[in-house]
Amino acid sequence: MAGEKEKKVSKGEVKEERKPKAPAAEEAAKKKAAAPKDEAPQEPQVDVDTLPLVKRVKEVKGEFIEDVKYFRGEITFLVKKEGIVDLCHFLKDDSETQFDFLTEVIGTHYPEREKPFEVVYHLYSTSKKHRVRLKVQLAEDEEVESVFPVWRSATWYEREVYDMLGIRFANHPDLKRILLPDDWEGHPLRKDYPLQGPPGYREAWIKAHCASTNKL
Amino acid sequence: MAQELVLVVIKMIVVFAVALLIVAYLTYFERKIIGHMQLRLGPMRVGPHGLLQPIADGLKLFVKEDIVPHDSDRWTFYFAPILNLVCALVLLAVIPFSYNFMVTRLNIGVLYVLSLASVGTIALLLAGWSSGSKYPIMGGLRSAAQIFSYEIFLGFSIMGVLMISGSLDLVKIVEAQSKVWNIVYQPVAFVVYVIAALGELNRVPFDLPEAENELVAGFHTEYSGFKFAYFFLAEYANMIVVSCMAVILFLGGWKGPVLPGIVWFLIKMCAFFYFFIWVRATFPRYRYDQFMRIGWKIMLPIALANIVVTGVVMMLV
Amino acid sequence: MGLVQKVLMKDLLIGLRRTVTYNYQKAITMQYPKEKWTPYPRFRGVIRLTHDEEGNLKCIACGMCARACPVGCITVKTEGKGKERKLVDFVIDFGVCLFCGLCVEACPVKGKAIEMTSYYEAATYDRNEMIFDINKLQADYKAWERSFKK
Amino acid sequence: MMEKGLMDKGSVEGQVTEDLMRDTLKTREMWLNMGPQHPSTHGVLRLILALEGERIVDTEIVIGYLHRGMEKLAEAKTYPQFLPYTDRLDYISSHAMNFGYVLAVEKLMGIEVPERAQYIRVMMAELTRISSHLIWLATHALDIGAMTVFLYCFREREMILDLFEMACGARLTTSYFRIGGVAHDLPDGFIEQAREFCKIFPKKAQDYDDLILKNRIWLSRTVNVAKISGEEGLNLGLTGPNIRGSGVYWDIRKDEPYSNYDKLDWEIAVEHGCDVYARYLVRLKEMRESCKIVSQCLDILEKLDGPVMAKVPKVIKPPEGEVYASVEAPKGELGFYIVSDGSPKPYRLKIRAPSFANLISVPTMVRGHMVADVIAVIGSIDVVLGEVDR
């Protein structure tokens with residue numbers, strides 16, 4: 001966890017939790033006692049390699065898979081950057097997987113990591129009714145291939161990731177900002193981007209738009 | 001001579017003043033009726049049951065800022081609404097509200113009405129074009145297409161009536177219906193006439209030139225203040241004229257038992273307004289190409305067939 | 001739809017019949033300033049501070065509400081520490097408030113030191129008037145409610 | 001800027017040039033800017049249309065006028081604090097939005113929600129679906145010109161909003177669901193009033209059918225307009241009633257049942273017309289199915305007693321990890337992807353907004369149609385800009 005984030009959390013929380021801390025801990029303990037009943041079936045030590053989907057993917061496209069995770073019933077593949085389009089094509093067309101629907105493309109920023117960016121793909125199969133998550137990790141200036149040839153909906157999702165995090169997608173037909181104005185500076189969902197916009201932005205906005213009210 | 005002139009002037013003033021008042025209150029009744037059809041109340045605030053609403057609206061439009069777009073063709077932009085209203089009001093001059101209550105009796109009344117009505121539509125085209133904006137020009141183009149298609153079968157639809165009565169004089173047409181109204185002889189023509197009238201008036205389901213959901217406000221998007229009021233008045237004045245023509249051509253004009261002729265005329269006219277408003281509250285809007293198709297492929301053949309059938313029957317009887 | 005029905009415009013006539021029947025039924029409009037909507041008991045309107053039987057504020061100045069607020073529109077100013085903590089001012093900016101009710105839920109006082117009233121006519125001409133201080137937050141809306149309640 | 005954007009798509013430019021070559025007259029397409037202030041773009045959607053006469057050659061969609069940075073805000077709020085924000089995503093179906101969010105957090109924490117709360121949630125979500133579809137029908141019909149349908153729909157919607165106000169205290173931004181259950185139990189008299197609604201609604205819904213279902217004008221405006229096949233729809237990210245209008249049997253409530261949907265008896269509404277009219281029929285059927293679900297829930301709730309909140313720690317601190325949970329919102333698949341680092345605030349929260357994804361296919365749908373059809377198409381896919389821009 002980033003130092004900055006840690007600090008923010010502690011600043012906000014330690015003060016707040018002065019009172020409820022004890023009950024919270026109690027609750028947590030109580031929950032731990034009661035929880036295994038609910039959680040245990042969800043979090044058994046599943047051997048991921050026995051899952052049919054993982055087996056199939058590892059069998060055919062094993063060279064692109066770096067890691068497989070299983071959490072709360074969801075399978076996550078950590079995919080090598082070069083293999084993403086190839087893997088997507090396979091997942092879409094293979095008769096055992098049939099992931100015909102791209103649910104979304106997400107970008108995440110982990111500033112403390114060596115490869116700070118992560119692009120997450122959620123896939124769904126309307127015939128097999130199962131889901132999978134693919135992850136690609138990227139270094140600061142790396143690009144990832146667009147999955148636009150596989151699912152056309154990726155155009156917008158990837159534009160949003162670019163807009164919010166500045167991750168570039170190679171071979172994207174029209175990579176530009178989507179939610180923010182074209183002349184916006186910075187990428188707001190990066191962790192180093194301040195919550196209330198760039199410094200001075202808010203004040204300038206108030207000056208321009210709320211001249212009549214002196215307090216906001 | 002002088003006496004006659006004074007009489008004509010008085011008639012003119014009465015007809016136009018009453019017409020403008022009726023027009024203003026038509027908007028009120030439209031809002032009220034549509035409101036009630038939609039389980040609302042319509043205007044309620046200005047005066048009892050909102051009765052002064054049209055006057056308040058008029059005053060509001062009068063004092064509103066009069067905006068002229070930068071890219072507009074200035075003089076045409078000013079001229080179009082005036083032309084539209086003048087055409088609409090001038091039409092009222094030949095309408096016989098009863099046997100002797102009319103501004104002037106013209107022996108080619110039908111022709112006069114048809115020709116001036118199309119001039120009024122040109123005003124819409126001018127308005128759309130001169131605004132120098134994209135939505136109005138699309139509205140203007142649509143109204144131009146309407147002139148060409150709907151004017152034609154509007155004319156054809158009343159041809160049967162003219163054949164029966166043998167005159168273009170509106171008074172004579174009414175007199176010819178002393179015993180039986182023309183709607184009995186010409187039911188098909190009546191339906192065609194009503195549909196053509198809806199198209200001619202830019203009313204739902206044919207209100208394409210001003211389709212507010214597509215073209216914002218169509219040809220009068222850029223108009224504001226009193227120039228907008230001109231269009232508004234003209235639209236309702238046109239509604240009066242079209243309703244009057246329907247009453248004269250198909251519903252026996254002022255003919256009716258007991259009540260004086262003018263009262264009968266107004267009752268029939270109001271029934272027609274109600275129908276227009278009723279239609280507006282009920283139907284969706286046609287698309288532009290569908291509207292053209294209905295005009296040329298369905299209505300025109302029906303109107304022509306009606307003429308042929310009327311002719312054949314008249315020859316045989 | 002058969003040809004006869006099509007020529008007779010049955011589809012259109014059904015619609016026309018529907019609108020004309022409603023024309024002669026009672027409208028469902030509520031004429032707002034004249035008649036007013038009586039909210040249900042749970043309505044989340046403007047927030048006020050409550051009193052105990054002796055007429056003192058119930059608030060113990062713990063600041064739980066301020067911490068629960070998603071937008072941070074509540075400011076609780078206190079004096080002193082520990083058991084001597086005293087409430088100095090309690091400010092809610094209703095220009096920012098979401099009226100979500102999380103503050104009331106967070107209140108640890110028995111019987112809740114803050115409550116959401118049914119008052120909904122809180123519009124103002126000036127943003128600053130939407131900032132309620134401790135005095136304004138004790139306003140009683142009972143009279144307002146009684147003025148239109150059936 | 002806008003010209004460049006359109007020209008970037010090489011195929012479009014090619015198309016236009018071809019048209020120019022074909023016509024001996026030198027004509028140029030007209031650029032029409034529809035929105036963000038336009039009567040029928042449902043908020044602040046902006047479309048840049050390239051027109052040839054009234055026919056659409058190309059469309060570019062510009063969004064973001066309502067962007068509030070929800071995802072960034074979420075990173076600064078604790079888990080319970082973000083809940084009222086989800087109301088403001090799709091503000092006409094806030095229960096469904098809450099539902100998606102709390103499901104995701106509960107999945108992350110492994111909380112089991114009490115039965116009674118489950119049924120209350122399902123009932124509220126279905127009432128929301130009806131009210132959302134009513135607004136959709138109202139505005140869609142208004143866009144096509146049938147303005148009376150609008151008022152009739154709102155009449156029934158008011159009944160639903162009354163129910164919401166009764167149970168939650170707010171009519172629109174309800175914030176009723178909590179992580180682990182719902183905020184309050186149902187108030188007295190709720191079940192009776194809800195039952196009355198279920199009884200009245202199918203009768204009142206006859207009004208909309210009378211006005212437009214078989215109306216020839218409505219048919220000519222919607223049938224065979226904006227056809228999109230199921231396969232293409234999936235490729236373009238269509239979900240919810242829109243994809244079911246193209247003959248795809250896909251409803252998350254059936255396929256991955258959450259919150260007791262599998263214990264209730266109802267059917268997926270599917271039509272095979274692939275056009276605007278099919279999407280209209282799907283939603284009409286869905287409203288009636290939802291009504292069925294609500295009355296079943298009411299039957300169960302009458303007998304079922306119990307708590308409406310699970311035992312949830314005061315400070316919600318989920319374990320480290322990431323989950324994706326989705327619900328069938330009225331507009332389509334609503335998903336929340338939450339990455340937790342073990343702190344009381346989400347590390348990353350991504351909202352998969354159905355309207356955003358549904359908009360992607362609009363340019364494909366409207367190509368070759370007329371300006372008036374654009375309105376019908378936007379109406380038929382049912383966008384809410386609060387959700388698109390987030």
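In what follows, chains carry the letters A, B, and so on, assigned in the order in which the sequence lines appear, proteins first and then strands, with residues in each chain numbered from 1. Note that these values count all heavy atoms, side chains included, but never hydrogens, waters or copies made by symmetry.
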Item to complete: Nearest 0.5 Å please: distance from the CD1 atom of D:Ile360 over to the OG1 atom of A:Thr155.
Response: 5.5 Å
Worksheet item: For A:Glu143, does the CD atom have more than 12 heavy-atom neighbours from other residues, nucleotides or ligands under 6.0 Å away?
Response: yes
Discussion item. Donor-acceptor pair, distance only, cut-off 3.5 Å: does the side chain of A:Thr126 make one with the backbone of D:Trp250?
Written reply: no
Worksheet item: Under a 4.5 Å heavy-atom cut-off, does chain D meet the side chain of A:Val105, its backbone, both or neither?
Response: backbone
Item to complete: Against chain D, label A:Arg177 side chain, backbone, both or neither, depending on which of its atoms sit under 4.5 Å from a heavy atom there.
Response: neither
Worksheet item: For D:Glu231, is it the side chain, the backbone, both, or neither that has a heavy atom closer than 4.5 Å to a heavy atom of chain A?
Response: neither
Item to complete: Please check if the side chain of D:Lys72 supplies one atom and the backbone of A:Met164 the other of a donor-acceptor pair under 3.5 Å.
Response: no
Discussion item. Restricting to non-hydrogen atoms, name the atom on A:Arg72 and the atom on D:Lys107 that form the minimum distance, rounded to 0.1 Å.
Written reply: NE-O, 2.7 Å
Worksheet item: About how many Å separate CG of A:Leu179 and CZ of D:Arg68, when rounded to the nearest 0.5 Å?
Response: 11.0 Å
Discussion item. Side chains of A:Arg152 and D:Ser361 only: does a donor on one sit below 3.5 Å from an acceptor on the other?
Written reply: no
Discussion item. Quick check on A:Val120 against chain D: is it the side chain, the backbone, both or neither that has a heavy atom closer than 4.5 Å?
Written reply: side chain
Fill in: Side chain, backbone, both or neither of D:Tyr249 within contact of chain A (heavy atoms, under 4.5 Å)
backbone
Worksheet item: Heavy-atom count around A:Glu140 CD within 6.0 Å, excluding the residue itself: above 12?
Response: yes
Practice prompt. Below 4.5 Å from any heavy atom of chain A, which atoms of D:Val339 appear? Answer side chain, backbone, both or neither.
Written response: side chain
Discussion item. A:Trp156 vs D:Ile61, test: side-chain contact (heavy atoms from CB on, under 4.5 Å). Steps then yes/no.
Written reply: CA-CA 11 Å; A:Trp156 277 38; D:Ile61 296 178; 3.7 Å; yes
Worksheet entry | Least distance between heavy atoms, A:Phe71 atom then D:Val323 atom | CE2-CG1, 3.9 Å
Discussion item. Report which part of D:Glu71 has an atom under 4.5 Å of a heavy atom belonging to chain A: side chain, backbone, both, or neither.
Written reply: both
Discussion item. Before you tell me yes or no, could you show the steps for A:Trp151 and D:Leu236 under side-chain contact (heavy atoms from CB on, under 4.5 Å), namely the whole-Å CA-CA distance, both residues' side-chain angles and the distance that decides it to 0.1 Å?
Written reply: CA-CA 7 Å; A:Trp151 297 282; D:Leu236 285 166; over 6 Å; no
Discussion item. Need one label for A:His109: side chain, backbone, both or neither, based on atoms under 4.5 Å from any heavy atom in chain D.
Written reply: backbone
Worksheet item: Is the shortest distance from a Lys or Arg side-chain nitrogen in A:Glu104 or D:Lys350 to a carboxylate oxygen in the other one below 4.0 Å?
Response: yes
Fill in: Intermediate values then yes/no, side-chain contact (heavy atoms from CB on, under 4.5 Å), D:Tyr324 and A:Ile106
CA-CA 11 Å; D:Tyr324 174 81; A:Ile106 304 154; 5.6 Å; no
Worksheet item: Which is it for D:Glu75 and A:Lys191 under the side-chain contact (heavy atoms from CB on, under 4.5 Å) test, yes or no, and what are the steps along the way?
Response: CA-CA 9 Å; D:Glu75 291 170 12; A:Lys191 291 285 172 188; 3.2 Å; yes
Worksheet item: If you count heavy-atom pairs under 4.5 Å with chain D, which of A:Thr103, A:Leu102, A:Thr76 comes out on top?
Response: A:Thr103
Practice prompt. Salt-bridge test for D:Glu333 and A:Arg131: reply yes if a basic N is under 4.0 Å from a carboxylate O, no otherwise.
Written response: yes
Worksheet item: What is the ring orientation for A:His122 with D:Tyr337, classed by angle as parallel under 30°, tilted 30 to 60°, or perpendicular over 60°?
Response: perpendicular
Fill in: A:Tyr124 and D:Ile252, any side-chain heavy atoms less than 4.5 Å apart
no
Discussion item. Quick check on D:Ile351 against chain A: is it the side chain, the backbone, both or neither that has a heavy atom closer than 4.5 Å?
Written reply: backbone
Discussion item. Testing the basics here: between D:Gly237 and A:Tyr157, what is the closest heavy-atom pair and its distance to 0.1 Å?
Written reply: CA-OH, 4.2 Å
Practice prompt. Quick one: pull up OG in A:Ser125 and CG in D:Leu234 and give me the separation to the nearest 0.5 Å.
Written response: 9.5 Å
Discussion item. Using salt bridge (charged side-chain N to carboxylate O under 4.0 Å, His left out), reason through A:Lys176 and D:Glu60 one step at a time and then give a plain yes or no.
Written reply: CA-CA 13 Å; A:Lys176 58 179 182 185; D:Glu60 186 177 344; 2.7 Å; yes
Fill in: A:Ile178 side chain reached by D:His67 side chain, heavy atoms, under 4.5 Å
no
Worksheet item: Between A:Lys135 and D:Glu322, does at least one N-O distance fall below 4.0 Å, as a salt bridge requires?
Response: yes
Worksheet item: In terms of heavy-atom contacts, does NZ of A:Lys69 have more than 12 from other residues, nucleotides or ligands at under 6.0 Å?
Response: no
Worksheet entry | Ionic contact status for D:Arg348 with A:Glu118, cut-off 4.0 Å | no
Fill in: Structural part of D:Leu108 lying under 4.5 Å from a heavy atom of chain A
both
